[in-house]
Amino acid sequence: MIIHIGIDDTDSPNGMCTTYLGALLYRELSGIAEPLGLPRLIRLNPNIPYKTRGNGAVAMSFEADEEAVLAIKDTVLFYVNQLADFEHENTNPGVVFLEGEIPDELREFSLRALREHVTIGEAEEAARSAGAEYFKFKLGRGIIGSLAAIAYPLKTFTYELLAYREPENWGRPRRVNLRSVFRADEWAYPFSYDNVDRHKGTVLITPHGKDPVLAGIRGIDRAKVLQVFEMVEFEEPVAFYQLYKTNQSTDDHLTAKRIGELKPYDSAVVRGRVAGEYWEVGRHVFFELEDGTGRIRVAAFEPTKKFRNYVRKLLPGDEIVAAGGVKEHEGILTLNLEKFYPVKLVPKVEYRKPKCPKCGGTMKSKGDYLKCKRCGFRMPKKLIPVEVPRGLEKKIYEVPPDARKHLSRPLVLPGGEDKLLQ
């Protein structure tokens, strides 16, 4: 028989990582039964406020007899009990086992968990309906991700190789030769991507927390991802690594909606008109977008860096397609901008002094008249309208790599424009 296993919410900001636990289990369970493909790393709704870090759940499937199924369940529950960070208040692990075929209604549940807010009660009901066995630890919120990870359809996927540290190095600065990462990225890009930010000169494969991950290497080509890993020079021991199949960089979280339909925790693509001038609070840039159904505030926050410069070029009346996550910011429903596409741009007009009609020289304002700086010719003060370049092209603008959500598809990848141009 086939047994599917889902695990979620075992990590915390203080350490541990669900992918680490999943990688250990995949190695252990492969000695008990026959694995059916790679383990899966499924990122769920990135806007949920009580997520731990990347809101990622792990799933894996095995071909096993009845005796092996019992051994698998015992092993999984033992590992979760031993390794999950139960001390953190936001860590509420969940484990799900499902034997046999995955029902279609469970596939639909998994997509809801990616795009909407799903409750623990809804997950329990979906599990019971599908005949899945689930285990809750503390609040057990992790059963939502565990069930979704098992059923996720993964029609579009990428790969991520995660290299893990020896326990004695957890919490210490990660030691990786930075030049080797740039060399590897230059060789593999774009088949392996988001390894570095070349504009800032920074390396992106190394996280900064206390978790066991030493480095994460992403790509659409499995061989290239493995080769990048081999090219990177690690200056501390690699305990082991695991290649995951994942929904990262797929844009699967985005769905087309009207502004009036938006609610907290949605990830959406909306089309509307810019309503009014932009404004800034601190280093964050805001504007409002409206369509026939409503109006919403849109934000390009400080971590998006130069992306904000393109947002500042938008003018009232511009028609754009915007993609991002919906959250309440200071009590106001806000679309956190990930990408936008200018559909129609209004003309930008500036009023300028004319050239001297006598000699072509530069005119200078003198009260209510203009005077030529070259020949002294005078004329009534009258400014002429001149259309000036907008500084925006009809192309998609996206946030930089270090501000990109796990699920957002970079434009360099095939299909990176699909959700905004469809």
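Here the structure is a predicted model, which is why all the values come from computation and not from measurement.
Between Phe307 and Tyr397, the ring centre distance reaches or exceeds 6.0 Å. Residues Tyr20 and Trp170 bring their aromatic ring centres within 6.0 Å.
Rounded to the nearest 0.5 Å, atoms CG (Leu24) and CG (Leu83) are 6.5 Å apart. Note that CG of Leu162 and CG of Leu214 are 10.0 Å apart. Values are rounded to the nearest 0.5 Å.
Neither side chain, Thr250 nor Arg409, offers a donor N or O lying under 3.5 Å from an acceptor on the other. Looking only at atom types and distance, the side chain of Glu338 has a donor-acceptor partner in the side chain of His253 under 3.5 Å away. Arg40 and His4 share no donor-acceptor pair across their side chains, judged by distance under 3.5 Å alone. If you check the side chains of Thr246 and Thr158, you find no donor sitting under 3.5 Å from an acceptor. No side-chain donor from either of Ser192 and Tyr159 sits under 3.5 Å from a side-chain acceptor of the other. Side-chain atoms of Glu28 and Thr75 form no donor-acceptor pair, as typed in the model, at a separation below 3.5 Å.
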Between Thr18 and Thr10, does a side-chain hydrogen bond (donor to acceptor under 3.5 Å, both in side chains) hold up when you go through it step by step? CA-CA 5 Å; Thr18 299; Thr10 64; 2.9 Å; yes

Can you check side chain to side chain contact (heavy atoms under 4.5 Å, CB included) on Leu420 and Lys339, steps first, answer last? CA-CA 8 Å; Leu420 273 72; Lys339 305 177 186 177; 3.9 Å; yes

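The stretch residues 127-141 participates, sequence neighbours left out, in these salt bridge (charged side-chain N to carboxylate O under 4.0 Å, His left out) pairs: Lys73-Glu133, Glu124-Lys136. Each ring-ring contact (aromatic ring centres under 6.0 Å, His included) pair with one or both residues in residues 192-227, not counting sequence neighbours, would appear here, but there are none.
The pair Asp318-Arg273 fails the salt-bridge criterion, with no side-chain N (NZ, NE, NH1 or NH2) lying under 4.0 Å from an Asp/Glu carboxylate O.
With sequence neighbours excluded, the residues that form a side-chain contact (heavy atoms from CB on, under 4.5 Å) with His284 are Phe286, Phe301, Glu302.
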